[in-house]
Amino acid sequence: MTFAIPGFGYQRVAVDGDVTLNVAVGGTGRPIVLLHGFPQTHVMWRHVAVDLAADHTVICPDLRGYGASDKPDACDGDTYSKRTMAADVVTLAGKLGHERFALAGHDRGALVAIRAGLDHPATITHLAILDVLPTLDMWDILHGTTAAVAFHLYLMAQPPGLPEQMISASADAFFGYFLDVWAQSPQAIPADLRAEYLKASREAVPSIIADYRASAGIDIEHDQADRAAGSRLTMPVTVVQQDWGAALGYDAAALWRTWATDLEHRTTTAGHFMAEEAPDEIIKVLRCLLAR
């Protein structure tokens, strides 16, 4: 691992049988866990984590299947379900001595964070969601030619075999495409870090696909069950998104209000990689959330 969050210590923590997570921990105070997105690792939080560590215990793991964390074979759909990955995070925090904690997630990590908030409401004190929709809603709003912006969701939803072969054959081009087109400020991800993200993704093709494939199957089932039961996120929630509602024709804030009882919804002019492109903005958002 070339990149590390300055001032943070690193360890491996067993969370589920033989699965261990690589985790960076820094600071002291009320705990907050930060979950990374695709195609990145925990290092995406480097600017935000250092600031928050001034007065919080900050925990930044690589999700299962990503970075330096274990990448178990997808024996069934549950191996990379967001329910399983959320349980990883709760177990991780507990083993580090934190039975209750705030949680922020970006992209794939945000989907894990949403599931953690729904499954473990007594554990998650505050919840921040960066640039995603709940899985069930994500599929509902993608239709017609606008769905082309999410072509990778459809590719990685296919049965095992072809997606792994296609992506492995051109992994750097595939993962690099998203690092390039999703960033409004490419300089926010310097060349050497970009190379590390590509290497980490190249070495995790099957598990990354399994994570996405779960979001076209078992994750939808879990969301549907929660919607039918009227389950909602009851802790303070802040959502920060690009203006996808305007782009794709839906009311983003209204959609989120169906899931969260105490919601602050914001849009940003930063690109998708907002914690790296606009860290001061995200730090302010998280600190405001933590004060609620």
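Sequence positions, counted from 1, serve as the residue numbers for this chain.
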Undergrad: What pairs of residues pass the salt bridge (Lys or Arg N to Asp or Glu O under 4.0 Å) test when at least one of them lies in residues 110-128, not counting sequence neighbours?
TA: R83-D119, R115-D119, R115-D223, R115-D226

Undergrad: Is there a side-chain contact between R64 and P72, using heavy atoms and a 4.5 Å cut-off?
TA: yes

Undergrad: Can you say whether the rings of F178 and W182 are parallel (under 30°), tilted (30 to 60°) or perpendicular (over 60°)?
TA: tilted

Undergrad: Please enumerate all residues that pass side-chain hydrogen bond (donor to acceptor under 3.5 Å, both in side chains) together with T268, with sequence neighbours excluded.
TA: E281

Undergrad: Give every residue pair that meets the salt bridge (Lys or Arg N to Asp or Glu O under 4.0 Å) criterion with at least one member in residues 67-80, sequence neighbours excluded.
TA: R12-D70

Undergrad: Which residue pairs satisfy the side chain to side chain donor-acceptor pair (under 3.5 Å) criterion with at least one member in residues 282-292, sequence neighbours excluded?
TA: D51-R287, D55-R287, T238-R292, D262-R292

Undergrad: Do S215 and R108 have a side chain donor and acceptor closer than 3.5 Å?
TA: yes

Undergrad: Let me know which of D62, L92, L63, T91 forms a side-chain contact (heavy atoms from CB on, under 4.5 Å) with L21.
TA: L92

Undergrad: Just to verify, what does H36 make a ring pair (Phe, Tyr, Trp, His ring centres under 6.0 Å) with, not counting sequence neighbours?
TA: Y66

Undergrad: Any side-chain heavy-atom pair from Q40 and F273 closer than 4.5 angstrom?
TA: yes

Undergrad: Would you call M138 and D140 a side-chain contact if the rule is heavy atoms closer than 4.5 Å?
TA: no

Undergrad: Kindly write out the residues that satisfy side-chain hydrogen bond (donor to acceptor under 3.5 Å, both in side chains) with R46, not counting sequence neighbours, or none if the list is empty.
TA: E276

Undergrad: Can you find a heavy atom in the side chain of L286 that is under 4.5 Å from one in the side chain of L52?
TA: yes

Undergrad: Does any non-hydrogen side-chain atom of L155 lie less than 4.5 Å from one of I167?
TA: yes

Undergrad: Using the test ring pair (Phe, Tyr, Trp, His ring centres under 6.0 Å), find all partners of W139 that sit at least two apart in sequence or belong to another chain.
TA: Y154

Undergrad: Which pairs pass side chain to side chain donor-acceptor pair (under 3.5 Å) with one or both residues in residues 122-135, sequence neighbours excluded?
TA: D131-Q242, D131-W244, D131-H272

Undergrad: Could you tell me whether the side chain of Y10 reaches within less than 4.5 Å of the side chain of V23, counting heavy atoms only?
TA: no

Undergrad: Would you please name every residue forming a ring pair (Phe, Tyr, Trp, His ring centres under 6.0 Å) with F8, sequence neighbours left out?
TA: none

Undergrad: Before you tell me yes or no, could you show the steps for R257 and H265 under side-chain contact (heavy atoms from CB on, under 4.5 Å), namely the whole-Å CA-CA distance, both residues' side-chain angles and the distance that decides it to 0.1 Å?
TA: CA-CA 9 Å; R257 281 194 293 271; H265 185 274; over 6 Å; no

Undergrad: Classify the side-chain pair W259/D137 by whether it contains a donor and acceptor separated by less than 3.5 Å.
TA: yes

Undergrad: Only counting residues at least two apart or in another chain, list the ones meeting side chain to side chain contact (heavy atoms under 4.5 Å, CB included) with D192.
TA: F3, P190

Undergrad: If you draw a 6.0 Å radius around CE in M166, do more than 12 non-hydrogen atoms from other residues or ligands fall strictly inside?
TA: no

Undergrad: Below 4.0 angstrom, N of the basic side chain to O of the carboxylate: do R194 and D180 qualify?
TA: yes

Undergrad: Between R266 and E264, is there a salt bridge with N-O shorter than 4.0 Å?
TA: yes

Undergrad: Taking ring pair (Phe, Tyr, Trp, His ring centres under 6.0 Å) as the definition, give me every residue that meets it alongside F101, ordered by chain and number, with sequence neighbours left out.
TA: none

Undergrad: Just grab all the side chain to side chain donor-acceptor pair (under 3.5 Å) pairs involving residues 155-167, residues at least two apart or on different chains.
TA: E164-R213

Undergrad: Keeping the roles fixed (side chain from S81, backbone from D219), state whether a donor-acceptor pair exists under 3.5 Å.
TA: no

Undergrad: For W45 and V48, what are the C-alpha separation, side-chain angles and deciding distance, and is it a side-chain contact (heavy atoms from CB on, under 4.5 Å)?
TA: CA-CA 5 Å; W45 290 108; V48 174; 4.0 Å; yes

Undergrad: Determine, stepwise, if the pair H98 / I59 fulfils side-chain contact (heavy atoms from CB on, under 4.5 Å).
TA: CA-CA 10 Å; H98 307 291; I59 301 166; 3.7 Å; yes

